[in-house]
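Nothing fancy with the numbering, it's 1 onward along the sequence. Everything quoted here is computed from the prediction, not taken from an experiment.
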Amino acid sequence: MSETPRRQAGREDGRAARARATRSRITTAATELFTTTGYTTTSITAVAARAGVSEQTVYYAFGTKRAILAAALDLAIAGDDEPVPTLERPWVRDALADPDPLAQLRCQVAGAGDIYLRAAQLLDVVRSAATTDPDLAEVWATNIDQRLAVQRVFAEALVRKTPLRDGLPTHVAADIALTILSPETYNLLVGTRGWDHSRWRAWATDALIRLLTTLS
């Protein structure tokens with residue numbers, strides 16, 4: 001007798017869950033290695049050993065080391081493996097919907113900060129490796145484009161709530177926010193200069209208010 005659709009679906013769900021767990025183990029292991037020993041020197045063999053799986057499993061799940069890094073970066077930025085774009089995340093929607101421009105800017109900084117707590121080191125790995133690896137140069141360029149797209153949406157929302165300083169065009173306001181809320185600046189101040197996260201948040205919020213608005 002053939003299995004019922006419900007039993008077949010349950011089996012598929014189990015397979016999907018196991019595959020998802022395996023991918024998570026691999027990306028976690030790869031992130032640890034990429035951020036401690038470097039991307040270039042980390043091999044698929046090392047990732048497989050750290051994850052406790054075979055090399056064949058790694059290749060089957062991702063195909064290439066670049067794909068592992070891209071997946072690890074997506075996971076770190078999002079905080080989960082749900083296919084929800086940044087602009088549809090609750091914190092972004094809340095910031096855009098808030099009628100208070102200061103509240104929006106505070107939420108922008110808090111959201112970026114939460115991402116960098118998870119992803120700052122891995123983003124620095126991508127940025128560093130991009131100078132010599134064309135594939136990672138493309139990953140880095142895509143990441144910048146994605147961050148800029150988010151900041152443009154924030155800038156357009158901000159100008160509907162308050163005049164921008166000195167009549168700034170929204171695309172310039174987005175460029176300024178992209179710079180203040182960049183992983184390079186975060187890593188410099190928090191990673192290199194030893195600022196704590198809360199100090200960075202206070203500084204970034206104050207900088208955006210002063211540079212983008214006439215508010216105080």
Side-chain angles (χ1 to χ4, degrees), residues 27-28 30-40 42 69-70 72-80 86-87 89-96 98 100-131 136-137 139-155 157-158 161-162 164-166 168 172-216:
T27 54
T28 297
T31 297
E32 293 170 356
L33 291 171
F34 292 156
T35 56
T36 55
T37 65
Y39 175 80
T40 302
T42 296
L69 178 58
L73 186 60
D74 286 345
L75 180 62
I77 290 172
D80 57 51
T86 298
L87 288 173
R89 293 275 165 175
W91 71 270
V92 174
R93 295 169 72 91
D94 289 346
L96 295 174
D98 198 314
D100 182 352
L102 295 181
Q104 176 189 313
L105 291 174
R106 284 192 291 268
C107 194
Q108 277 181 249
V109 173
D114 287 345
I115 289 171
Y116 294 147
L117 282 172
R118 299 186 299 264
Q121 286 185 303
L122 199 55
L123 282 163
D124 198 48
V125 168
V126 178
R127 182 193 60 79
S128 298
T131 60
L136 292 194
V139 172
W140 182 242
T142 297
N143 178 264
I144 293 173
D145 288 344
Q146 291 171 338
R147 285 188 279 118
L148 179 58
V150 171
Q151 295 307 328
R152 282 177 173 162
V153 172
F154 275 130
L158 185 65
K161 301 170 187 179
T162 188
L164 298 184
R165 185 180 186 86
D166 300 325
L168 280 175
V172 175
D175 288 343
I176 292 170
L178 178 72
T179 302
I180 297 297
L181 301 180
S182 70
E184 297 97 321
T185 300
Y186 183 89
N187 280 320
L188 174 63
L189 294 178
V190 177
T192 302
R193 296 301 306 146
W195 285 26
D196 62 33
H197 183 74
S198 60
R199 183 180 181 187
W200 172 85
R201 277 184 56 168
W203 168 80
T205 301
D206 182 66
L208 289 183
I209 292 171
R210 291 175 181 273
L211 292 171
L212 299 184
T213 77
T214 58
L215 304 171
S216 59

_Around atom CD of Gln121, are there more than 12 heavy atoms from other residues, nucleotides or ligands closer than 6.0 Å?_
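Atom CD in Gln121 is not crowded, with 12 or fewer foreign heavy atoms closer than 6.0 Å.
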Inter-residue atom distance [X].[atom1] - [Y].[atom2], 0.5 Å rounding:
X      : Y      : atom1 : atom2 : answer
Leu181 : Arg201 : CG    : CZ    : 11.5 Å
Thr214 : Leu164 : OG1   : CG    : 9.0 Å
Asn143 : Leu148 : CG    : CG    : 11.0 Å
Thr179 : Gln151 : OG1   : CD    : 9.5 Å
Leu215 : Leu158 : CG    : CG    : 8.0 Å

*asked:* Taking Ala76's backbone N and O only, do any of them form a donor-acceptor pair with Arg118's side chain (distance below 3.5 Å, no angle check)?
replied: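 Answer holds: yes.
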*Does Arg210 make a cation-pi contact with Trp203, if we ask for NZ or CZ under 6.0 Å from the ring centre and within 45° of the axis?*
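The answer is no, since Arg210 fails at least one limit relative to Trp203.
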With heavy-atom distances below 4.5 Å as the criterion, would you say the side chains of [X] and [Y] are in contact?
X      : Y      : result
Ile180 : Thr185 : no
Ile176 : Leu168 : yes
Leu87  : Val150 : yes
Arg106 : Val109 : no

*Starting from the C-alpha separation in whole Å, work towards a yes-or-no answer on side chain to side chain contact (heavy atoms under 4.5 Å, CB included) for Phe154 and Val92.*
CA-CA 9 Å; Phe154 275 130; Val92 174; 4.0 Å; yes
*Let me see the working for Arg89 and Asp80 under side chain to side chain contact (heavy atoms under 4.5 Å, CB included), right down to the final yes or no.*
CA-CA 11 Å; Arg89 293 275 165 175; Asp80 57 51; 2.8 Å; yes
*With sequence neighbours excluded, tell me which residues meet side chain to side chain donor-acceptor pair (under 3.5 Å) with Asp196.*
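Scan of Asp196 (side chain to side chain donor-acceptor pair (under 3.5 Å), adjacent residues dropped) gives Ser198.
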_Please enumerate all residues that pass ring-ring contact (aromatic ring centres under 6.0 Å, His included) together with Tyr186, with sequence neighbours excluded._
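Listed in chain order: Tyr116, His197, Trp200.
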*salt bridge (charged side-chain N to carboxylate O under 4.0 Å, His left out) with Glu184: which residues, sequence neighbours excluded?*
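Salt bridge (charged side-chain N to carboxylate O under 4.0 Å, His left out) list for Glu184, sorted by chain: empty.
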